[in-house]
Amino acid sequence: MARIVPMASSIKPSLTSLKFSPTPRSSPTLCRQVASLHLSSVIPQLQPFGLRTSKLFKEDVSSRAVIVAGNTNTTQASTATTQENVLEWVKQDKRRMLHVVYRVGDMDRTIKFYTECLGMKLMRKRDIPEERYTNAFLGYGPEDSHFVIELTYNYGVDKYDIGSGFGHFGIAVEDVAKTVDLIKAKGGKVTREPGPVKGGNTVIAFIEDPDGYKFELLERGPTPEPLCQVMLRVGDLDRAIEFYEKAYGMELLRKRDNPEYKYTIAMLGYGPEDKNAVMELTYNYGVTEYDKGNAYAQIAIGTDDVYKTAEAVKLSGGKVTREPGPLPGINTKITACLDPDGWKTVFVDNIDFLKELE
């Protein structure tokens, strides 16, 4: 749905039908006449009495200043209430992680690896020759109910830099050791043999796909969402948690500090980890910035209102990189933004997304 093009091209919003009329300026002479008329009408009978008139004028101005301040406070209170309503709406919005988007150097090779080694299904594939790119959607269930992968192949680009900020994708499997054996038999690369996670009991393993993306295999019972994690590294975990809660409406599911290995993780999402895809944010002690490369692109999240979503992102300190509105040609409404660490997210109108799938 939310396509990506080579490197960092972006869709520029256009301002249409926005016309601004300048406020007419009043002449100084007219202003003085109006002011004079105003004072004469308010206290005409006191004008000959000098200081008394001056005192009353000061009191009148003071009382008006109080009224103006009161109106300003009312406006500020109204604005604060509106902002509070938007952030409260985020918590009620029907949101779901739709897909994760990234670039690969050989589409057919990647599809073969994901279907044969990881058990995914190819949902759909589309080629856009006039814009020189191809998309493929893979996962473990229909796009209208499951979190899926959106691969992008840009004509003539066979390699990308993954960078140091992207961590891994997580896949829940019932038998990690058996899955690892299958991957080895298919020529896949295993970078961490099956075994308990450090400081825990969950059996895991790590593998790499042909482009070098890491996948963590987690041993777990039957789950409706096998594609279960996207791990990204952040420079300030508390800041990131607050942003994802306020702007994205995610819930902090758990947080774990590992001082022995000098890192802290936080799991955030729209439901329990065993039933939903989640974001795993990792903070490595003392590291505040990462190289994001040009391979990983973004997460797409469904929303009932992209306009309110963009407003909530701005109120939470995020940066909107694509103002809310319909995409040219398909009319799907989206908005795109960056979190405090520069990771991109695209929010997609829920109804428009379902129409795209029909």
Side-chain angles (χ1 to χ4, degrees), residues 1-13 95-104 107 110 123 126 128 131 133-139 143 146-154 157 160-170 209 211 213-215 227-234 240 243-244 247-250 268-270 277-282 290-303 306 309-310 312-314 316 318-325 327 330 332-350 352-353 356:
M1 198 295 319
R3 72 172 181 82
I4 50 177
V5 293
M7 307 321 217
S9 90
S10 60
I11 302 173
K12 302 289 185 182
R95 297 190 171 182
R96 180 176 71 84
M97 289 171 60
L98 304 177
H99 47 249
V100 59
V101 188
Y102 53 100
R103 304 170 177 93
V104 296
M107 183 67 85
T110 302
M123 306 295 174
R126 62 186 180 192
I128 315 295
E131 296 190 37
Y133 77 92
T134 304
N135 281 143
F137 296 78
L138 298 100
E143 292 178 62
H146 287 71
F147 184 55
V148 305
I149 288 171
E150 179 181 342
L151 302 176
T152 295
Y153 167 71
N154 293 295
V157 184
Y160 293 94
D161 175 21
I162 293 177
S164 59
F166 171 79
H168 61 259
F169 304 112
D209 77 357
D211 288 274
Y213 291 101
K214 290 182 173 60
F215 283 78
L227 183 59
C228 58
Q229 292 178 4
V230 176
M231 192 277 261
L232 302 174
R233 298 182 176 93
V234 297
F243 179 80
Y244 276 72
Y248 292 1
M250 290 188 179
L268 298 103
Y270 299 109
V278 301
M279 298 295 301
E280 178 181 344
L281 303 181
T282 298
Y290 292 94
D291 171 21
K292 294 180 178 59
N294 60 2
Y296 173 85
Q298 66 216 23
I299 291 283
I301 297 175
T303 175
V306 296
T309 294
V313 168
K314 293 175 183 177
S316 303
K319 181 180 180 182
V320 173
T321 57
R322 204 280 185 186
E323 291 293 335
L327 284 169
I330 60 175
T332 296
K333 292 183 288 296
I334 72 163
T335 187
C337 61
L338 301 179
D339 73 3
D341 288 274
W343 294 113
K344 185 179 178 182
T345 299
V346 173
F347 285 87
V348 185
D349 181 270
N350 284 325
D352 291 349
F353 177 69
E356 267 196 56

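Basis for what follows: all heavy atoms, side chains included, without hydrogens, waters or symmetry-related copies.
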Please check: side-chain N/O of Trp343 versus main-chain N/O of Lys292, any donor-acceptor pairing under 3.5 Å? no
Tyr296 vs Leu232 side-chain heavy atoms within contact, under 4.5 Å: yes
Please walk me through it: do Tyr248 and Thr345 pass side chain to side chain donor-acceptor pair (under 3.5 Å)? CA-CA 10 Å; Tyr248 292 1; Thr345 299; 3.2 Å; yes
Glu280 vs Val230, side chain to side chain contact (heavy atoms under 4.5 Å, CB included): CA-CA, chis, key distance, verdict: CA-CA 6 Å; Glu280 178 181 344; Val230 176; over 6 Å; no
Between Leu138 and Val148, is there a side-chain heavy-atom distance shorter than 4.5 Å? no
Does the distance from a Lys or Arg side-chain N to an Asp or Glu carboxylate O, for Glu323 and Lys314, drop under 4.0 Å? yes
Would you find a donor on one side and an acceptor on the other, under 3.5 Å apart, between the side chain of Arg96 and the backbone of His146? yes
In short, Thr303 meets Thr309 closest at the heavy-atom pair OG1-OG1, 3.0 Å
For Val320 against Ala310, the heavy-atom pair lying closest together: CG2-O, 3.7 Å
Where the side chain of Arg103 meets the backbone of Asn294, is there a donor-acceptor pair that is under 3.5 Å apart? yes
Check whether any side-chain heavy atom of Met97 lies under 4.5 Å from a side-chain heavy atom of Ile299, and answer yes or no. yes
What is the ring orientation for Phe169 with Tyr213, classed by angle as parallel under 30°, tilted 30 to 60°, or perpendicular over 60°? tilted
With distance as the sole test, does Lys319 use its side chain to make a donor-acceptor pair with the main-chain N or O of Val313 at under 3.5 Å? no
Residues Lys214 and Gly167: closest non-hydrogen pair is CB-O, 3.8 Å
So Met231 and Met279, do their side chains get closer than 4.5 Å, heavy atoms only? no
4.5 Å side-chain heavy-atom contact, Thr110 and Asp211: yes
Is there a side-chain contact between Val234 and Thr282 (heavy atoms, below 4.5 Å)? no
Reported CZ-to-CG distance for the pair Phe147 and Leu98, which is rounded to 0.5 angstrom: 8.5 Å
Only counting residues at least two apart or in another chain, list the ones meeting side-chain contact (heavy atoms from CB on, under 4.5 Å) with Leu268. Ile241, Tyr244, Glu245, Met250, Leu252, Ala266, Leu281
Any sub-3.5 Å donor-acceptor pair from Thr332's side-chain atoms to Leu327's backbone N or O? no
Determine the minimum heavy-atom distance between Cys337 and Phe347, stating which atoms define it. SG-CE1, 4.0 Å
Does a side chain donor of either Ser164 or Asp291 reach within less than 3.5 Å of an acceptor in the other side chain? no
Heavy-atom side-chain proximity of Glu143 to Phe137 below 4.5 angstrom: yes
Within the 4.5 Å heavy-atom criterion, are Val348 and Ile301 side-chain neighbours or not? no
Interatomic distance, Phe243 atom CZ to Asp339 atom CG [nearest 0.5 angstrom]: 6.0 Å
Once rounded to the nearest 0.5 Å, what's the spacing between atom CZ of Phe166 and atom CG of Asp161? 12.5 Å
For the residue pair Gly269 and Val278, what are the closest heavy atoms and their distance? CA-CG1, 4.4 Å
Is a side-chain N or O of Asn154 found less than 3.5 angstrom from the main chain of Val157, in a donor-acceptor match? no
Only one of Glu150, Gln298, Met123 passes side chain to side chain contact (heavy atoms under 4.5 Å, CB included) with His99, and that residue is Glu150
Closest heavy-atom pair, Ala240 versus Asp341, reported as atoms and distance to 0.1 Å, is CB-OD2, 4.3 Å
